[in-house]
Protein chains: 2
Amino acid sequence: MYSEKEIEERLSERNIRPTAIRILVLRKMLEMNQDEAFSLLDLENRLDTIDKSTLFRTLTLFHDNLLVHSIDDGSGSIKYSLCKRGCECFGEASHVHFSCTLCHRTFCFEKIAIPRIDLPVGFSYESANFVFKGVCSVCSRSQK
Amino acid sequence: MYSEKEIEERLSERNIRPTAIRILVLRKMLEMNQDEAFSLLDLENRLDTIDKSTLFRTLTLFHDNLLVHSIDDGSGSIKYSLCKRGCECFGEASHVHFSCTLCHRTFCFEKIAIPRIDLPVGFSYESANFVFKGVCSVCSRSQK
DNA sequence: CTGTGTGCAAACACTTTGCAGGTGT
DNA sequence: ACACCTGCAAAGTGTTTGCACACAG
């Protein structure tokens with residue numbers, strides 16, 4: 001589905017040297033649901049040849065080079081999600097997330113931007129994390 | 001400043017049996033800055049006679065009985081803050097928070113409610129966590 | 001006497017680092 | 001030869017639990 005060249009290009013765009021493992025990780029993330037964010041453990045389970053510390057360093061590198069954004073959904077583990085190509089976020093997503101209290105999946109609501117809020121005088125804005133909790137559409141359907 | 005009776009009352013209001021330790025913890029939280037949220041470690045340091053597991057269980061109890069709300073500010077440790085009397089939150093604050101990237105303090109912006117967002121069809125709302133990151137007014141002043 | 005509360009120690013989950021060996025240029 | 005990359009093991013951090021004793025009703 002995704003050619004090696006396509007993936008290498010995407011890494012190079014962000015000044016990430018395309019090693020075998022990085023290509024593997026990026027390919028997997030491209031294949032996974034783009035509207036969901038995954039924890040390190042999620043990825044480890046889907047890429048069981050790769051050591052978790054390597055995965056951690058790979059994701060940290062991806063994050064530092066703005067290829068993925070991270071979300072703290074309050075689950076106790078950080079979730080990662082691929083940035084859209086040409087994404088303007090600076091490591092933290094500029095959109096809202098949703099964390100399902102039943103299946104514990106975290107969804108990216110790409111279309112819902114984090115609203116602008118006027119902070120009190122003296123407080124400067126760097127980034128924001130806006131996460132909803134509730135029951136996702138899949139779980140609420142299967143509960144009926 | 002706060003009478004024993006006042007504090008016991010506040011506990012009883014939430015159906016929390018007023019033990020010596022719980023009174024101590026609540027008093028300390030009342031004495032601390034109400035516009036800030038504190039981690040378990042913060043409280044442990046200010047109440048160094050109390051064991052951290054007792055403190056954990058005390059805060060969990062306070063949280064379950066809606067006396068404090070909790071915030072995940074992305075620092076890796078949960079912060080707690082006293083609910084205002086008669087607060088309508090259900091454990092999660094209904095207002096916005098601000099986490100300073102320099103001093104790492106977390107502020108409650110009680111006056112800024114979390115905005116209402118229309119979630120996609122099928123997703124139900126339970127609670128929300130909205131945290132800004134940046135430099136707080138104290139740090140930005142002292143940097144000049 | 002019984003149930004609740006507390007302190008201590010240890011388990012736990014997730015993240016992060018040190019180091020030694022491997023890889024590619 | 002060199003800088004970078006990877007796997008393994010272990011340390012670190014914050015949260016949570018098990019258990020035995022203390023205390024109040």
Side-chain angles (χ1 to χ4, degrees), chain A residues 4 7-8 11-12 14-28 37-65 67-80 91 99 104-106 129, chain B residues 4 7-8 11-12 14-28 37-65 67-80 91-92 99 104-106 129 131:
Chain A
E4 188 108 351
I7 291 179
E8 287 188 26
L11 289 169
S12 306
R14 294 300 191 179
N15 296 310
I16 298 165
R17 198 175 304 207
T19 67
I21 290 216
R22 289 168 189 173
I23 291 169
L24 223 61
V25 174
L26 178 51
R27 162 164 293 132
K28 185 58 75 177
F38 298 94
S39 69
L40 206 141
L41 188 64
D42 292 332
L43 289 162
E44 201 187 341
N45 291 334
R46 285 173 171 81
L47 290 159
D48 52 341
T49 53
I50 302 179
D51 184 79
K52 72 167 179 267
S53 67
T54 302
L55 203 43
F56 169 73
R57 286 188 271 234
T58 302
L59 286 171
T60 304
L61 180 70
F62 282 9
H63 186 248
D64 289 347
N65 292 35
L67 185 59
V68 302
H69 59 254
S70 64
I71 312 110
D72 186 327
D73 59 5
S75 68
S77 59
I78 300 160
K79 301 275 168 78
Y80 299 91
S99 174
H104 299 108
R105 285 187 296 170
T106 295
N129 190 44
Chain B
E4 189 106 349
I7 292 179
E8 285 188 29
L11 289 169
S12 306
R14 295 299 192 179
N15 297 310
I16 298 166
R17 197 175 306 204
T19 68
I21 289 217
R22 289 168 187 172
I23 292 169
L24 222 62
V25 174
L26 178 51
R27 163 165 292 133
K28 185 57 76 176
F38 298 94
S39 70
L40 206 141
L41 187 64
D42 292 332
L43 289 162
E44 201 187 341
N45 292 334
R46 286 173 170 81
L47 290 159
D48 51 341
T49 53
I50 302 179
D51 184 78
K52 73 167 180 268
S53 67
T54 302
L55 204 42
F56 169 73
R57 286 187 271 232
T58 303
L59 286 170
T60 304
L61 179 71
F62 282 9
H63 186 246
D64 290 348
N65 293 34
L67 185 58
V68 302
H69 58 255
S70 64
I71 312 109
D72 186 328
D73 59 5
S75 68
S77 60
I78 300 159
K79 300 276 167 77
Y80 299 90
E92 316 297 316
S99 173
H104 299 108
R105 285 188 295 170
T106 295
N129 189 45
V131 180

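In what follows, chains are A, B, ... by sequence order, proteins preceding strands, each numbered from 1. Nothing here was measured: the structure is a model prediction, and the numbers come from that model. Atom set for the values below is all heavy atoms of this structure, side chains included, hydrogens, waters and symmetry mates excluded.
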Please report the distance, rounded to the nearest Å, between [atom1] in [X] and [atom2] in [N].
X	N	atom1	atom2	answer
A:L24	C:dT23	CG	C1'	16 Å
A:D64	C:dT16	CG	P	11 Å
A:D73	C:dC14	CG	P	12 Å
B:L47	C:dT6	CG	C1'	15 Å

Those residues at least two apart in sequence (or on a different chain) that pass side chain to side chain contact (heavy atoms under 4.5 Å, CB included) with B:S75 are B:D73, B:S77, B:K79
Only counting residues at least two apart or in another chain, list the ones meeting side chain to side chain contact (heavy atoms under 4.5 Å, CB included) with B:R14. B:I16, B:N65, B:L66, B:L67
Which residues pass the side-chain hydrogen bond (donor to acceptor under 3.5 Å, both in side chains) test with [X], not counting sequence neighbours?
X	value
B:S39	B:D42
A:D72	none
A:D51	A:S53
A:R105	A:E36

Which angle, to the nearest 10 degrees, lies between the helix axes at the two ends of the helix from C:dC1-D:dG25 to C:dT25-D:dA1, each defined by five pairs? 10°
Where is the tightest heavy-atom contact between A:L24 and A:I50, given as atom of each residue plus distance? CD2-CD1, 3.9 Å
Identify, with sequence neighbours excluded, every residue that meets salt bridge (Lys or Arg N to Asp or Glu O under 4.0 Å) alongside A:R22. none
Which parts of nucleotides 2-18 of chain D does protein reach within less than 4.0 Å, heavy atoms only, written one letter per nucleotide 5' to 3' as B for base, S for sugar-phosphate only and - for none? ---SSBBB----SBBBB
